[in-house]
Asks: 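One structure coming up, written as structure tokens, with questions to follow.
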Amino acid sequence: RAGGNLFSGSIDGALYRWDLSTMTMQDCKGGRKAAGSGNTQYHKREINELLMISDISLLASASSDASILMWDTTVLKPKKTLKGHHGHRKGV
């Protein structure tokens, strides 16, 4: 949660931003739609855990594709991909 937003991850690797004041989805990045477009910057498999670092507008997402993405929550775009793990990531 950051600034009235809630973030959730899905089984297809998509990251969602929800506005808590209106209880509506505001944005979605990644998932099946992105995979079909050839976009390689998002998760390829399910997101297992999220960790918010609100004082610097950063969100970490851990996925079963063995990567951790560091998201800029102001624009909901990945800033950095952390790789090197063997097997899927269950936590951050």
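Scope of the values below: all heavy atoms of this structure, side chains included, with no hydrogens, waters or symmetry mates. One is the number of the first residue; the rest follow in order along the sequence.
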Asks: Taking the side chain as C-beta and beyond, is there a heavy-atom pair between Y42 and L15 under 4.5 Å?
Replies: no
Asks: So, taking the atom named OG in S63 and the one named CZ in R45, what distance separates them when rounded to the nearest 0.5 Å?
Replies: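 Atom-to-atom, S63:OG and R45:CZ are 7.0 Å apart.
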Asks: Roughly how far, to the nearest 0.5 Å, is CG of L20 from CD of Q26?
Replies: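 Atom-to-atom, Q26:CD and L20:CG are 10.0 Å apart.
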Asks: Linking I/L/V/M/F/W/Y whenever any side-chain heavy atoms sit under 4.5 Å apart, do L58 and L82 land together?
Replies: yes
Asks: Among the clusters formed by ILVMFWY side chains lying less than 4.5 Å apart, do I68 and I53 turn up in the same one?
Replies: yes
Asks: Is there a donor-acceptor contact under 3.5 Å from the side chain of S57 to the main chain of T73?
Replies: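 Side chain of S57 to backbone of T73, a donor-acceptor pair under 3.5 Å: no, none is there.
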Asks: Using 30° and 60° as the class boundaries, would you call the ring planes of W71 and H43 parallel, tilted or perpendicular?
Replies: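 W71 and H43: tilted rings.
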Asks: Is D65 salt-bridged to K44, cutoff N-O under 4.0 Å?
Replies: no
Asks: Measure across L76 and K29 and return the closest heavy-atom pair with its distance rounded to 0.1 Å.
Replies: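 In this case the closest contact between L76 and K29 is O-CG, 3.3 Å.
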Asks: Are M52 and V75 co-members of a hydrophobic cluster defined by side-chain heavy atoms under 4.5 Å apart?
Replies: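 Different hydrophobic clusters.
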Asks: Could you give the distance from NZ (K80) to CG (L69), rounded to the nearest 0.5 Å?
Replies: 11.5 Å
Asks: Roughly how far, to the nearest 0.5 Å, is CZ of R17 from CG of L59?
Replies: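 Result: 10.5 Å between the selected atoms.
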Asks: Which pair of non-hydrogen atoms, one from S61 and one from I47, has the smallest distance, and what is that distance?
Replies: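 Heavy atoms of S61 and I47 come nearest at CB-CG2, 4.1 Å.
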